[in-house]
Structures are given as C-alpha cells and as structure tokens.
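All figures in this text were calculated on a predicted structure; none of them were measured in a lab. Side chains are part of it too, since the values below use all heavy atoms of this structure and drop only hydrogens, waters and symmetry mates. Here is the naming used below: chain letters follow the sequence lines, and residue numbers restart at 1 for every chain.
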Amino acid sequence: METTYNPQSIEQKWYQSWEERGYFAPGTNPDAANYCIMIPPPNVTGTLHMGHAFQDTIMDALIRYHRMQGDNTLWQAGTDHAGIATQMVVERQLAADGKSRHDLGRDAFIEKVWDWKQQSGGSITQQLRRMGGSLDWEHERFTMDEGLSDAVHKVFIHLYDEGLIYRGKRLVNWDPILHTALSDLEVISEEESGHLWHFSYPLTDGSGQLVVATTRPETMLGDSAVAVHPDDERYQDMIGKTITLPLVGREIPIIADDYVDMEFGTGCVKITPAHDFNDYEMGKRHDLPMYNILTVDACINDQAPEKYRGKDRYEARDMIVHDLKELGLLADVKDHKLMVPRGDRSGSVVEPYLTDQWYVKIAPLAQPAIDAVKNGDIKFVPENWDKTYFEWMNNIQDWCISRQIWWGHRIPAWYDNDGNIYVADNEAEARKKYQLDDSLQLTQDEDVLDTWFSSALWPFSTLGWPEKTGRLQQFYPTSVLVTGFDIIFFWVARMIMFGLKFMDQVPFKEIYIHGLVRDADGQKMSKSKGNVLDPIDIIDGIDLESLVAKRTSGLMQPQMAAKIEKATRKQFPDGIPALGTDALRFTFASQATSGRDVVLSPDRIAGNRNFCNKIWNATRYVLMNTEDQDTGIDNADCSYSLADRWIRSRLQRVIADVHRHFNAYRFDLAAQELYAFVWDDYCDWYLELCKPVLMKDHFTAEQKRGARQTLVQVLESILRLNHPLMPFITEELWQRVAPLAGIENETIMLQAYPEADETLIDAAAEEELEWLKQFVMGVRRIRSESDIAPGKALPVILQNASDDDRQRYQNNEAFIFSLAKLQSVDFISNSDNAPESSTALVGEMKVLIPLAGLIDKDAEMARLNKEISKLQSNLEKTSSKLDNPGFVDKAPEAVVNKERERAAEMASALSNLKQQLEKIAAL
RNA sequence: GGGUGGUUAGCUCAGCUGGUAGAGCGUCGCCCUUACAAGGCGAAUGUCGGGGGUUCGACUCCCUCACCACCCACCA
C-alpha cells in the first residue's frame, strides 16, 4: 500500500466496478422494507454545481445507509428538459451565427435542441457518478421521453375534462424578450430607483383637474379611468364626472374604489386595466374597457396615438413625459424606489399583458395538499418549513401553465376555425372523442407546458405511471424528498398536489430541506461574482491559471474579470489541490446541520482529506500487524485486554449514535462522531495501546490474538460505518481488511450496516480506561510543561493508591509504561516521605515524578499555582451553590449529591496540591 | 408591510427535554517516537448580541430591543 492516501488512484475504478456489477439496482426482497428517493432532476444540459454536489451527497448517504441495511433501495435517476433554460442556450448558439429560432422553424429548431441534449446531456450524469452517487442508471428517465410525455398528456386531459384546467384571457406576466408568459414564481421583483411622475388630468367639463401619480407614464395611453377613495372628501363632487385623457383624447370616468389609499400621493390613481394587476382587478369590478397598448416586444402598438406607435416602452415613456410637460400637465417628478419585476431567465422587465393562456385551477388541488402536511402524512425536516409551505398554499393563485416557447410538451389541445377547443392525446383521438367530422379542420395549440408541469409528476411518472408497473407498486409513495427551500413552491407543493390527485397518496413521507452552499466568506456562489467552485475541481484539483480562466470566461459583465482574477489569485495562490470525492462528501455531511446554509472552505475539505489519510494509515498499520498472522478469527482462544474491551464497548455506543443521527437527518453529528471515534479513540488511544501487546514478548499468544482480532474487527466496522459518507476509500480499504476479519464478499456496498451489540458495552472497562487516560495524561502534562524531552523515560512514584488503583495499575502496567514512557514505578504509602516531585492527581492517587535533575522548581510552582487557582474558583462556585438553601431544598437530590461529590473531590485535590506547593516552595 | 432563520473561542459551526460551555480549522510550545509531519504530545482562548423576566439554577424557556440573512406582498 502507498504510504499516503491518493484519492485519484481509487475513486474512478471503484465506481466503474460498482456500476458494471449492477449494485445500484434496487433489491426485490419481498420481506425487506422499500426505500426510495427521487433525484430532483437536474437540467439535462446543465453541469454539476456545489448545490447539486451537496444535495447528492445527502441523498447518496441515505441511499447507501438504507441499502446496507438490506432495504430494497432505489435512487431514481433522471434529468429535466428545463424548457426555457435549455431553449435559451440553443437560441444563444443560433444567435452566434446570426440566426433566430424563427429562421429555422419549429421542427428544425426542436431537432437542434435534441442534438444539443444528445451532445451535452451526459455531462451532468457523468459528474454525478464522480460524486459517487449510486443511482439506478438502468432506469434513468428524462421528462420528455415517451413514457413521461404520456403521463403529461394523461394528466392534462384528465384535469381538463374535470374542469381543473381551463383556457382564458387574463393578465399574465409577459417576458418581452422571450415572448412567453411566466408563472408568478418565475418573476423576481427587486427594488430599483425610479421616479414618481405627477400628471394633471383635466376634467372634461373644464371645471378643473385631477393630479395622478405614476411610476409608469407610458401606460397612461391605456388608461380607462381615474380612481379615488369613496370616502375622500376632496373628490366627492368629482366622482361620476369624466376627464379627457391628455395625448389620447379619450373621455374616461372618475370612479370610487376603496382600494385607493387616500394617504398616498394625491389620492388619485390612474387605472390601466390591461397593464397592471391591481388595475385589472379594479377594471373587472367596474366593468372598464381594457386597452392593450403594447406589442409582444413591449413596444407601443396601434391602439395608441400614431406618434408613439412602434416605440419601445421606455422611449415612449420619455416622449410622453416630454409631451405632457409641453402641455403644462407635468405637475411634479419625484425620486422613487419601486419594485421592478424581472423574468428569472431573461432578466428583462416583465409586463403585465393580456393574453390567452392555460391555467390550472389550483384551489381544489391545494386543499388536500395542505391537509397532508397538517395531518402529518408529510413531514418537513426541519419542521419549521411547514410554515412557509402553508403560507404559500393558503394564498395560492391559479397556475399559468402555457408557455409560448417550442421546447417542451406541446399542449394536447386542438382548435377548429371557430375557436372551439378539443383536448385529447392526439388529433385522431380528439376527433374520436368529440365525434368530429373528418372535414373539420383542426390545428394544434402552439404552446408548450411549463417545465414544472412534468416535474410535478416526477415521483410517479418515473416509476411507470400511468402503467401499473411493479416499480410503481413497490416504491410509491417514496421515502423522502431531499431538496432546497428555493423550489418548495415550484416543485414540492405541485408534486404533493398532483401525487394526491392521481395516486391518492402523498408522493413522499418526508421532505428534507437543506441549506444553500456558500463560499468561504459566506457569499452566495454565482458566476457573476466569480466565486463559484466546481465540485470536480475540488475532487481532481485545478491549477491557478485554469481556475482563473474558468472563472473569468463567459461573464455577463466582462468588466468584472479583472476583479475576479485578483480575488482568485489571492485566495488560491497555488490553485486547489486534488482533495478527492470522499473528503468533499464528508465535509458536506459534517456541515449539513439542520436547515443552515453551508459555508464551504477548501481548508475544511483539506482537513477531511487528512481524515481520509488517517484512516488510510491506520489501515496500513493494522494490515502490517495482522496480514499473515493469527487474528484468531476462527479461534475462540483469544484474551481481550482492557483496551480491547474498551474499544469494542465504545464502538457499540458509536454505532447506536450513528443510527440515531442518520434517522434524524443529522449528518453533521454522525460525521462528527465518526471522526472523533476514528481519530481520538481508535487511532490515538487504541492503536497506541495495542503496540506493547503486539511487540512485547511477555504477552501471550492469546493476548496478541485478542489484540489483532480487535484491531481488524473494529476497523472493519469503522469502514462500514463510514461507507455512506465516504464510499470510495472505505471500499478500497475494506477489500483488504474484510478477509482478515473473516468476511468474504465482493463489495462493502452490499454489506450489512453495523448494528450495536449491547452485550459488548462494558462500563467497567470504560471507567478503567478513563483512569488509565488520566494517569497517562497527567504524566504527559508534567513532561510537556516541565520541558522534559519526549523520549526520556521517567521514574514515577505512586502515593496514596487505593486497592482499586493498585489493581488497575497491575492490570495495565504495560500500557502505562508504554504510553507515559516510564522508567520505573514505585508505590509509597501516604505516611511515607515522598521526595520533592512534580505531581499529577488521578482521583485520590498522587502520581509523583521526582524533581532531581529533571524539573525546574519555578516552573513546577507556576504549574501548581495555575491548577490551584483553577480548582479554587471552581470549588467556590460549587460551594456557593451548596450554601444556597434554595438549591439544596429544591434541586433534585441526584443533582445535589453530584454537586457535593464534586465539591469533595475538588477540596481533596486542592489540599493535595497545596501541600505539594508548600513542599516545593520550601526547597 | 408580513413572515422565517440567525447572533456561542480568531474563523466555520455543534450544544437534545434548563444542572460545571464543545468540535474542526487556525494560533502557541516541544517532537521526524518503528501507521500517518496530510503526523504526535501538550497549551491558550469565550460577561454564549443587549436589556428585562420565570427559576434554587438560563447558552438552553418567556418578553423586548438591536443587527445580519432570506422568503412573501398589488401601494399608484
């Protein structure tokens, strides 16, 4: 074996072997539990980022944990067609050649997208493999493959027939760059600086004017009323009159509506029902005409006065402000902060726009979905996310599902020339279903469905629905959904609604919501900030120049490049070393505290790479001492030392804890416990304790066998325990360790996860080992603080040892000599005169190291003083507690007794140390 | 405007149903001791955001304030 752990030489080979041998396929044991996680399907043409890597680590850890427990375990693989996102990428490629999708036409364009999918579709699944993800690739699905498209049609038709999908002319969020409607969720509003313009609108009868305020002057071309509050005394006599809309010349009414806020501005609002959501509602209430004044590009259309036609909305704005000013109607302009809605993909300012769209009537679907969380059929982890869920679900709006793009599931609806709608699987079906004459001409709806429509079916469509497949039967409802909070509304809520509607059962029983991955400074990772880290670069390493090049290429704002380059060179002067998948995964796990964001720093990953190295070298040591030697696996004739019994006992506790943590989704606690057990207990103490047993001749063959056997068996358990978090290194090492533990099997992946054996818990051994540790650490502290060379063997005198102490000493003499590096040990009674020494206490027993020639008097006094003052202040705290009658009377007896014991111990230790101090001082 | 989460050692974070404050990384000593210098041994470090309250006892429960982050929302 190499002396240093090198992840690159082991990871890929094991993954290939696992996949080739079909280990990722779910089991079919009828007596076993079923466990299933659906991967949140990444964009088929996307690449893996840190968020994926984190999420995949959690899912794979759960999957491997359950697989090892013998469950029939399925991690469903697949990708999403990601309608708008993918279409945009391909359109951008076309644009580079000076073409648009319209130049190609619909069919040719879609073919082009499929080509692109073919070409780049494998990269994210390849990267998932690099993360060690044990997905069932055999049954990988794609949201636009045949089966899933069938499911989409079936759901659409069913909902339409039931009246839960309808088509209607409504105000929608319109993206003027992409030329499509967006759902509310796809619109991101951010505060921007703008202006508030005040315009005077003259009354038609010439009796005066009203001043209205607006942030969007160009919409005045579409005004169909001015509104005031019904109780507003200033305008009482104007309600019912009309004004003549400047520039347009339209006569529009002054209406009263209590939506208007009297306090804001002048208390008068211009109403543009076709271009504002509030105005739209008011327009409906008052039956106002709706003047659409914009084209699909957000230019002024032919409804408006000729002068403005064809102008971009912002150009028109300037013109209108200018023209009104000329007319003396611009009353005021103020700076104003306002929320500007932008499309999440295109970034363009979204327009409320009147169009025909398809909607899902959501309220009837939402109620059961709310109930499912309320009654506990579905549980959020951490729990508090249910609040967010309820808040949204209780205010949910109908879902606009049609998109005016080409890449996606085309809506299965046909129209005749009169605009009648026929919804069916295909045209022939439609004719049959609606008994249409062949002569009737039908044309299919041009729109496609929102990507999230097909994602909403993911938990059952991937398992074969609408067919009644065995997989569907076996794995629905799935066990847990692992996802980020950002798609609770987009995806989680909709899966619940559709799952309940079409499967009559929740799609998953638990929802584990994880945090966001941030960079070492706690910043969100984003390409534009130039702080993204590619998981693959952490795994394989990357040199500085490549990293700089990667971070600065393809920026939306190229002027950021210099700044990004500088920051990158500063943070990673030597690039990033190859840290391996296992270290990255372990780091993610250890950071996965409930609901918090993950701050990822390469230092931390390096620390866990060191942990891998630790396990690697511990294994080397174990192999060195056990290969070709008698480990007593087939031989009951072993004698177990204190150390053996102790480490086995500790192991049982750790196993039980790790199970608990996994079941509570506390990967951080599981990781921490495993780390501490391996490093502190197994390596720092147990391996060191074994050394004298294995090396000294006076230990019997039985004792040596006991040690070898324990070394191997505990290590083998450690590897299995860690496997869900660190699949590669554990497999590599297990292959060599398992045979020594008498286990012959192909892979650790399919081994049983360790189960705690309570009969091996040995409280007496734990207590005795604690005594031993105190002894050893006492000597070490004196050695270190008195500047005694680590190699120098020390004489020790034990005073005031109880029978217990003596017995324990006898039992463990070899351990003590070895770990504390002793030369000799002598017992003296309490009454004996001890030589001047440095002292450590183990309970009541004094461990004395004679001063002669070794220890500096002043240093020893300083050391004693320090300990004395520490003890003193602790003792004071405890005694004042005990002096408080309230405490003694009211606190539970056990607590009081414990406190009394502590006080006694401290008092005794204190007097011992004080005595010692006096002695030394007197020298 | 409403809501959620956070504020604990220099940094990043644990701390379960209230009973002597922990880990990793970093820092400081001493060591290349025959698994590991990606290591060993030892050490230092906290008015647990501020202020109140409940309690014998509060990092832990309640109230309040401050700051940070995020989500939702139609104030022109």
For a stem of at least 3 consecutive Watson-Crick or G-U pairs with distances under 3.5 Å, i pairing with j, i+1 with j-1 and so on, which stems involve RNA chain B?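 Stems found: B:1-7 with B:66-72, B:10-13 with B:22-25, B:27-31 with B:39-43, B:49-53 with B:61-65.
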
Can you tell me which nucleotide in [options] comes closest to the side chain of [X]?
X	options	result
A/Tyr259	B/C71, B/U12, B/C74	B/C74
A/Arg596	B/G19, B/G5, B/G6	B/G6
A/Asn617	B/G42, B/A14, B/C36	B/C36

Using the [atom1] atom as the point on both nucleotides, what is the distance between [M] and [N], in whole Å?
N	M	atom1	answer
B/G15	B/A21	C1'	8 Å
B/G18	B/A58	C1'	6 Å
B/U47	B/U4	C1'	30 Å

With a 4.0 Å cut-off on heavy atoms, is [X] in touch with a base, just the backbone sugar-phosphate, or nothing at all?
X	answer
A/Cys612	nothing
A/Met777	sugar-phosphate
A/Asp889	nothing
A/Val260	base
A/Trp197	nothing
A/Ser590	nothing

Earlier contact from the 5' end, RNA chain B, for A/Arg902 and A/Asp597: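 Looking at RNA chain B, the more 5' nearest nucleotide goes with A/Asp597.
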
Polar atoms only, N or O, under 3.5 Å: list the protein pairs with nucleotides 29-34 of chain B and their distances.
none

What residue among A/Leu711, A/Val712, A/Ile718 forms side chain to side chain contact (heavy atoms under 4.5 Å, CB included) with A/Val737?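 Looking at A/Leu711, A/Val712, A/Ile718, the match for A/Val737 under the side chain to side chain contact (heavy atoms under 4.5 Å, CB included) is A/Val712.
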
